[in-house]
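Below is one structure; the comments refer to it alone.
Predicted, not measured: the structure shown is a model, and the values here were computed from it. Proteins come first, then strands; the chains are lettered A, B, ... in the order of their sequence lines, and each starts at number 1.
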Amino acid sequence: MFEKTIEKWLRESATFPLPVIADIQRAARTGIYDIRGFGAKRHMPTFDDLVFLGASMSRYPLEGYRERCDTSVTLGTRYAKKPIELKIPITIAGMSFGALSAPAKEALGRGASEVGTSTTTGDGGMTPEERGHSDKLVYQILPSRYGMNPDDLRKADAIEVVVGQGAKPGGGGMLLGQKISKRVAEMRDLPEGIDQRSACRHPDWTGPDDLAIKIQELREITDWEKPVYIKVGATRTYYDTMLAVKAGADVIVVDGMQGGTAATQEVFIEHVGIPTLPAVRLAVQALKEMDMHRKVQLIVSGGIRSGADVAKALALGADAVSIGVAALIALGDNSPEYEEEYRKLGTSAGYYDDYQDGKDPAGISTQSDELAAKFDPIKGGRRLANYLRVLTLETQTLARACGKSHVHNLEPEDLVALTIEASAMAKVPLAGTDWIPGNN
Amino acid sequence: MATHNIDLEKTSVRDINQALHELNGTEDRSEWRITNSKGRHAIAVGIDAPLSVNIEGHVGYYCAGMNKHATVTVNGNCGPGVAENMMSGMVRVTGSASQYAGATAHGGLLIIEGDASSRCGISMKGVDIVVNGSVGHMSAFMAQSGRLVICGDAGDALGDSLYEARIYVRGKVVGLGADCIEKPIEDKHRAELKQLLDKAGITDCDAAEFRRYGSARKLYNFNIDNMDAY
Ligand SMILES: Cc1cc2nc3c(=O)[nH]c(=O)nc-3n(C[C@H](O)[C@H](O)[C@H](O)COP(=O)(O)O)c2cc1C
């Protein structure tokens, strides 16, 4: 029947392409907006739009596998008595217990610890599994303060005050009732099975001046031992960075708009915030203008997938990066081995983004004991460690090619941009020119 | 038992907090008297021992924050966030308290003999708060559990987006927030109220004079029919 009607070219509308039509139909059918996990799926300028120049007549490369290229990083040197020493500049981002299963959190700890890096709690508090298997654990203080308590605060190696997240700057969270198991409910002091809102504003401070005093309190409680990070979603990054420095941060975490989430409205994920690429540059610019670059460390996240992304973030001036979705994929998320189950959920390996749903066949973004039992934290941890090693090796490869004996010696001068947009955002010249849009 | 006397003009907040933390995890019941507080922030935070701390004067932000087991008395007024995230023990303020008093606190008892400003008991998670005076707007916002007793009046949007916390008000309520409703007060409620008033040492309020407020539980699970409330 279909073929019969094709007597003329079927032209898809640029304004109403098929996915847009499907969205309207879904909205009309359900009366509710789409909530999902994962990060932004739209195209945007990324680190892919930059390339390294590599060594040449005027630059010496380092010998691969022979000449050392260091990857260590120390975070929290500004005020903390006990800064965090990491072997690699790639950390695991905060992902809540609640969003993720207990064995998935354990695997993140195992993988990170195996290669000498840190992992981070999330909304919902610290679990013993996670603390027990993470050599270095960053404890998040979020607006909800679910599970927040001074004992866990003292057990942490660093404290991260979450102001915002790249996937939803200015938004709170919602853990849907189907993921509120007895254990999650108890940790959050709420009844089982109800939707849990995570507030979008902190309950006991407003604005950077208050935050400075809040941080003073956290330092007093923990005797000034622990680095205090401030995490912001990338928006007004230049000013946010300056205000975070003023508020007394040891470390600033800037999360770009493509950063992952466990459950956010699609409209929020795709339409709020700026990409990671301009955010790194803005944060570094602010730090340099305040003479705080490398004194207050900068962690960048949002869409980091490869050693190339890591190396480019560092070259633009970040001290470290953080990964969320990529770490979950390394654990086994979206693996083809679950294709049959994904099909039953109306999706397919490589497309699964319903972290909010709790039905994850990989046992990662779920609170169902049955599904979580399918996930092996030891194997998952090993896969994550493998992946982190590859990221590190790739980063070193690029750094050596640019002649750097430490990955932190990478610099903007090593980069050029392939597109005018990326050039304007990263403030590195368009390849083959000495032109940076916006610079005189 | 000897009282430790600390003058904050001579000893820093850092040093007094460090000295108090040396006793964390012990059963030490010693008494500490802190003078010249002069609105300083983060005094007596992070204690984890049944100490008795008396602060003579006004304090700034977050006094007695995250307290466990200690009894902290402020003979004066408090800045924002007094007893924030308290786990246990007791904090008493003889004057009035600024915003977010008892924010996110999990346990223990917070007594404010004067008034409390806006957002008193915001996101409270199990603490009991007794305010002898009135509270400002948005008090008990998103309050999860515990009890908030207000002997005076309450400002606008009381108990907005409330979960399982129980609110008792003796005076007028300017307005209730989303999903907060008045509920019948039964004998068991009067009994718990009387117990809280007794614990707080408030003798001139009769439990019979209070009204009870709680969650209508209509916003517990997202439902498009509640659109107007979102
Ligand atoms: C499943 C999941 C749960 C998350 N939970 C939190 C959280 O509790 N707190 C937070 O600050 N960020 C949370 N995030 C965001 C991450 O910390 C991080 O900013 C983001 O994932 C980085 O981008 P990437 O996923 O592209 O690497 C979560 C992300 C995911 C994927």
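- Within residues 107-122 of chain B, the residues having any heavy atom under 4.5 Å from a heavy atom of chain A are, by residue number, B:Arg119, B:Ile122.
- In this structure, a donor-acceptor pair under 3.5 Å is present between the side chains of A:Asp223 and B:His21.
- To the nearest 0.5 angstrom, B:His106 atom NE2 is 6.5 Å from A:Asn149 atom CG.
- Counting non-hydrogen atoms of neighbouring residues, nucleotides and ligands closer than 6.0 angstrom, the CD atom of B:Glu186 exceeds 12 such neighbours.
- For A:Pro191, the part lying under 4.5 angstrom from a heavy atom of chain B is the side chain only.
- B:Asn85 places a side-chain N or O within donor-acceptor distance of the main-chain N or O of A:Met148, the cut-off being under 3.5 Å.
- Heavy atoms from other residues, nucleotides or ligands lying under 6.0 Å from NZ of B:Lys183 number more than 12.
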| task | Let me see the working for A:Arg145 and B:Glu84 under side-chain contact (heavy atoms from CB on, under 4.5 Å), right down to the final yes or no. | result | CA-CA 11 Å; A:Arg145 307 282 165 89; B:Glu84 69 84 21; 3.9 Å; yes
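- Heavy atoms closer than 4.5 Å to chain A are found in the side chain of B:Asp48, but not in its backbone.
- Surrounding CG of B:Asn36 are more than 12 heavy atoms belonging to other residues, nucleotides or ligands, all under 6.0 Å away.
- In this structure, the side chains of A:Ile194 and B:Arg217 stay at 4.5 Å or more apart for every pair of heavy atoms.
- Both the backbone and the side chain of A:Thr206 come within contact range of chain B, judged by heavy atoms closer than 4.5 Å.
- In this structure, the side chain of B:Tyr220 does not engage the main chain of A:Gly193 through any donor-acceptor pair within 3.5 Å.
- Side-chain contact check for A:Glu220 and B:Asn17: at least one donor-acceptor pair (N or O, by modelled atom type) lies under 3.5 Å.
- Looking only at distances, a side-chain donor or acceptor of A:Arg154 sits under 3.5 Å from a matching main-chain atom of B:Gly46.
- More than 12 heavy atoms of other residues, nucleotides or ligands lie within 6.0 Å of CZ in A:Arg26, so this atom counts as buried by the packing criterion.
- For B:His41, the parts lying under 4.5 angstrom from a heavy atom of chain A are both the backbone and the side chain.
- The 12-atom threshold is not exceeded at CD of A:Glu370, counting heavy atoms of other residues, nucleotides or ligands nearer than 6.0 Å.
- When each of B:Arg14, B:Met87, B:Lys125 is scored by its heavy-atom pairs under 4.5 Å with chain A, the top score falls to B:Arg14.
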| task | Kindly determine whether B:Gln99 and A:Asp204 satisfy side-chain contact (heavy atoms from CB on, under 4.5 Å), including the steps that lead there. | result | CA-CA 8 Å; B:Gln99 308 175 83; A:Asp204 59 354; over 6 Å; no
| query | Where do B:Met66 and A:Leu153 land on the side-chain contact (heavy atoms from CB on, under 4.5 Å) test, with the steps shown first? | reply | CA-CA 10 Å; B:Met66 300 205 193; A:Leu153 190 70; 4.0 Å; yes
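- In summary, the side chains of B:Tyr61 and A:Asp210 do present a donor paired with an acceptor at a separation below 3.5 Å, with no hydrogens or angles considered.
- Only the backbone of A:Arg188 comes within contact range of chain B, with heavy atoms under 4.5 Å apart.
- Looking at B:Ser123 and A:Tyr146, their side chains never bring a donor and an acceptor atom within 3.5 Å of each other.
- Among B:Lys68, B:Met86, B:Glu164, the residue making the largest number of heavy-atom pairs under 4.5 Å with chain A is B:Lys68.
- Taking CD of B:Gln144 as the reference point, atom CG of A:Leu190 lies at 4.0 Å (rounded to 0.5 Å).
- Both the backbone and the side chain of B:Gln18 come within less than 4.5 Å of a heavy atom of chain A.
- Across all non-hydrogen atoms, the minimal contact from B:Ala42 to A:Glu217 is CB-CA, 3.9 Å.
- Atom NZ of A:Lys81 is surrounded by more than 12 heavy atoms from other residues, nucleotides or ligands within 6.0 Å.
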| request: Start with the C-alpha distance between B:Leu219 and A:Asp195, add both sets of side-chain angles, then the distance that settles side-chain contact (heavy atoms from CB on, under 4.5 Å), and finish with yes or no. | output: CA-CA 8 Å; B:Leu219 302 182; A:Asp195 296 342; over 6 Å; no
